[in-house]
Amino acid sequence: MSDDEADPELLELLRQSLGLGSGSADAPPNTRVLESAEFIYDNSISVSIVSGGTKAAASSIWRMMQEKGFSTKTWSDHELHPKAKDESTINFIFTMDLLNFSFWSVLDEQKRFQVTYQGNNWTGYMSLVAILQRALEEGTPITTPTFWIEATDEQLRHVFRSSTDEEMPLLDERIALLRETGQVLNECFDGSIVNVIAQAKKSAAGLVNLLVDYFPGFRDEHTFHGKTVRLYKRAQILVADLWAAFNGKEYGTFDDIEHITIFPDYRIPQMLQSLNVLWYSPRLEAKIKRQEEIKSGDNLEIEIRGCSIWAVELLRREMIKQHPEAKEKVNPILIDFFLYDTCKEREAAAERAGTKDDMLPHHRTRSIWY
Ligand SMILES: Nc1nc2c(c(CN[C@H]3C=C[C@H](O)[C@@H]3O)cn2[C@@H]2O[C@H](COP(=O)(O)O)[C@@H](O)[C@H]2O)c(=O)[nH]1
């Protein structure tokens, strides 16, 4: 290369950071999550994908999603999810998915962190939704970025208060995330979350890239076998929640929504393993059964998360082979939402029956990424 030619890799990095997307001007934005997932799968030794299990799951998930009439409308059916189709719901979803991580506890159902709201004790993801709804009901503007910057630590800790002795996991990190994100919104987006969405110009991948470029709190990237791998769980679920909450219209309009993958958290891998789609090595399975923590960024963790994404990509291809109409009716987001909800329904049914659900427990990694 003559020395007056720019290094292509450098040029690519520059384009990505300017949110110009990759290569030529007309190439659609690409989050590069799927290529990361394939790279992780190709280099995994403790996690693999079971082709027979994937074929069977493709068929059963398709059937159950049809029976349930599973669609974006399911999102608003959740009792605590915001129903308004306006800017308040955008602010709610942005705040929620900035903090949508790591609710698991080593304590039992009585002692674990939980939130009492509208006569229920909410745990897990729903504890976060309850916290936001409770704050808004109390007149606290928890979905307003200026509040994230101006509120005292005490005020914020009061918003996230628990009804047990266990406080919300990673509470300090959550407060720091709010403050850092509020600063960036003020500096780069005139303090308005709607401006972030607008700048993506109806591209789902473009919005993911915007979020990870401007907000470190969404930059769910790791090193695996010497390469940077991109998982972007909360940036992707934010786009997915917007799309679902607005039923793919108005602020939820995205021309490339099928580009979004599943969101590799600690529930989807648990479901995929229980469906015999994911195979765990005996050593990994024993570690999870012992409920031993796996460090954030450890190869085992990256293999679990990356293979989950790749497994659902293969599962969806299989589903379309079996049912060509699935190409229009189902995307990774809906498969993901369905798997998460089914996982929680199984857990709730077991609790009602006073039994333990028969799934291997989810893996335990404490991190702000999921
Ligand atoms: N992949 C994926 N991960 C999801 C969700 C949701 C909830 N989304 C709602 C919106 C539409 C759907 O219909 C759901 O009702 C939460 N999580 C993640 O799970 C973990 C919480 O688990 P637990 O502590 O047991 O509640 C934590 O990492 C959280 O970030 C999802 O949908 N997909």
Inset, instruction - Show your reasoning for whether side chain to side chain contact (heavy atoms under 4.5 Å, CB included) applies to Phe103 and Met168. - result: CA-CA 7 Å; Phe103 305 103; Met168 189 174 205; 3.8 Å; yes
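- The two residues Gln236 and Leu231 come nearest to each other via the heavy atoms NE2-O, 3.5 Å.
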Inset, instruction - Please lay out, stage by stage, how Lys68 and Thr74 fare under the test side chain to side chain contact (heavy atoms under 4.5 Å, CB included). - result: CA-CA 10 Å; Lys68 272 189 147 180; Thr74 316; over 6 Å; no
Inset, instruction - Walk me through it: do Phe189 and Tyr214 pass the test ring pair (Phe, Tyr, Trp, His ring centres under 6.0 Å)? - result: CA-CA 10 Å; Phe189 297 95; Tyr214 282 92; 4.9 Å; yes
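- Judged by distance alone, the side chain of Asp265 and the main-chain N or O of Ile268 form a donor-acceptor pair under 3.5 Å.
- For the atom pair CG (Asn100) and CH2 (Trp369), the distance works out to 14.0 Å, reported to the nearest 0.5 Å.
- No more than 12 heavy atoms of other residues, nucleotides or ligands sit less than 6.0 Å from atom NZ of Lys111.
- Partner of His362 under the side-chain contact (heavy atoms from CB on, under 4.5 Å) criterion, out of Gln273, Gln291, Gln270, Met271: Gln270 alone.
- Geometrically, Arg174 engages Phe101 in a cation-pi contact defined by less than 6.0 Å to the ring centre and at most 45° from the axis.
- In the model, Lys55 has no side-chain atom that pairs as donor or acceptor with a side-chain atom of Gln322 under 3.5 Å.
- Looking only at distances, no side-chain donor or acceptor of Arg134 sits under 3.5 Å from a matching main-chain atom of Ile131.
- Across all non-hydrogen atoms, the minimal contact from Phe254 to Ser203 is CD2-C, 3.8 Å.
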Inset, instruction - Check the pair Asp153 / Arg179 against salt bridge (charged side-chain N to carboxylate O under 4.0 Å, His left out), numbers first and verdict last. - result: CA-CA 10 Å; Asp153 279 358; Arg179 296 198 192 289; 2.7 Å; yes
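- For the pair Trp122 (side chain) and Tyr117 (backbone), a donor-acceptor distance under 3.5 Å is present.
- With rounding to the nearest 0.5 angstrom, the OG1 atom of Thr31 is 3.5 Å from the NE2 atom of His259.
- Salt bridge Glu154/Arg157: absent, no basic N to carboxylate O contact under 4.0 Å.
- With a 6.0 Å cutoff to the six-membered ring centre and a 45° limit on the axis angle, Lys227 counts as a cation-pi contact of Phe39.
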Inset, instruction - Could you walk me through whether Tyr266 and Arg364 pass side chain to side chain contact (heavy atoms under 4.5 Å, CB included), step by step? - result: CA-CA 8 Å; Tyr266 49 87; Arg364 284 180 175 180; over 6 Å; no
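- In this structure, Tyr370 has its ring center closer than 6.0 angstrom to the ring center of His363.
- One finds no salt bridge joining Asp213 and Arg219 here, because no Lys/Arg side-chain nitrogen approaches an Asp/Glu carboxylate oxygen to under 4.0 Å.
- A donor-acceptor contact closer than 3.5 angstrom is absent between the side chains of Glu137 and Gln133.
- Counting only distance, with no hydrogens or angles, the side chain of Asp256 and the backbone of Ala205 share a donor-acceptor pair below 3.5 Å.
- Ser192 and Asp190 are not linked by any side-chain donor-acceptor pair at a separation below 3.5 angstrom, with hydrogens and angles left out of the test.
- The residues Glu250 and Lys202 are annotated as not salt-bridged, no charged nitrogen and carboxylate oxygen being separated by less than 4.0 angstrom.
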Inset, instruction - Would you check, one step at a time, whether the test salt bridge (charged side-chain N to carboxylate O under 4.0 Å, His left out) holds for Glu292 with Arg283? - result: CA-CA 12 Å; Glu292 232 177 85; Arg283 175 175 161 269; over 6 Å; no
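- For the residue pair Arg366 / Ser102, a side-chain donor-acceptor distance below 3.5 Å is found, with atom types taken as modelled.
- Thr123 approaches Gln114 most closely through the heavy-atom pair CG2-CB, 3.7 Å.
- Under the 4.0 Å criterion applied to side-chain N and carboxylate O atoms, Arg267 and Asp336 are not assigned as salt-bridge partners.
- Judged purely by distance below 3.5 Å, without hydrogens or angles, the side chains of Ser162 and Thr164 pair a donor atom with an acceptor atom.
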Inset, instruction - Kindly determine whether Asp358 and Arg346 satisfy salt bridge (charged side-chain N to carboxylate O under 4.0 Å, His left out), including the steps that lead there. - result: CA-CA 9 Å; Asp358 54 357; Arg346 281 174 65 164; 3.3 Å; yes
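- A salt bridge is defined here as a Lys NZ or Arg NE, NH1 or NH2 lying under 4.0 Å from an Asp or Glu carboxylate O, and Glu258 with Lys327 fails to meet this definition.
- Side-chain contact, Glu166 with Ser105: a donor N or O sits under 3.5 Å from an acceptor N or O.
- From Leu156, atom CG reaches atom CG of Leu178 across 6.5 Å, with rounding to the nearest 0.5 Å.
- Residue Glu328 holds its CD atom at 8.5 Å from CD1 of Ile320, rounded to the nearest 0.5 Å.
- Here the shortest heavy-atom pairing between Thr95 and Thr143 reads OG1-CA, 3.4 Å.
- Of the possible polar contacts, one joining the Glu303 side chain to the Ile45 backbone as a donor-acceptor pair under 3.5 Å is found.
- Judged by distance alone, with hydrogens and angles left aside, the side-chain atoms of Asp241 form no donor-acceptor pair with the main-chain N or O of Ala244 at under 3.5 Å.
- In the hydrophobic clustering of ILVMFWY residues, with side-chain heavy atoms under 4.5 Å counting as a link, Tyr125 and Leu238 come out together.
- The two atoms that bring Asp298 and Leu300 nearest to each other are OD1-N, 2.8 Å, heavy atoms only.
- Panel note: side chain Asp97, backbone Ala235; no donor-acceptor pair is recorded below 3.5 Å.
- In this structure, CG on Leu185 lies 10.5 Å from CD on Glu180, to the nearest 0.5 angstrom.
- At a threshold of 4.0 Å, the pair Asp77-Lys83 does not count as salt-bridged, since none of the basic side-chain nitrogens sits closer than that to a carboxylate oxygen.
- If you take CG on Leu170 and OG on Ser367, they are separated by 7.5 Å, rounding to the nearest 0.5 Å.
- Salt-bridge check for Arg112 with Glu167: failed, with every basic side-chain N at 4.0 Å or more from each acidic carboxylate O.
- Between Gly217 and Leu177, the shortest heavy-atom distance links the atoms CA-CD2, 3.5 Å.
- The backbone N or O of Gln110 sits less than 3.5 Å from a side-chain atom of Asp108, completing a donor-acceptor pair.
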Inset, instruction - Walk me through it: do Leu315 and Val277 pass the test side chain to side chain contact (heavy atoms under 4.5 Å, CB included)? - result: CA-CA 9 Å; Leu315 186 147; Val277 170; 4.2 Å; yes
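- Side chain to side chain, Glu221 and Tyr232 meet the donor-acceptor criterion of an N or O pair below 3.5 Å.
- With hydrogens and angles ignored, the 3.5 Å screen pairs no side-chain donor or acceptor of Thr144 with any backbone N or O of Phe147.
- One side chain, Ser76 or Lys85, offers a donor N or O that lies under 3.5 Å from an acceptor on the other.
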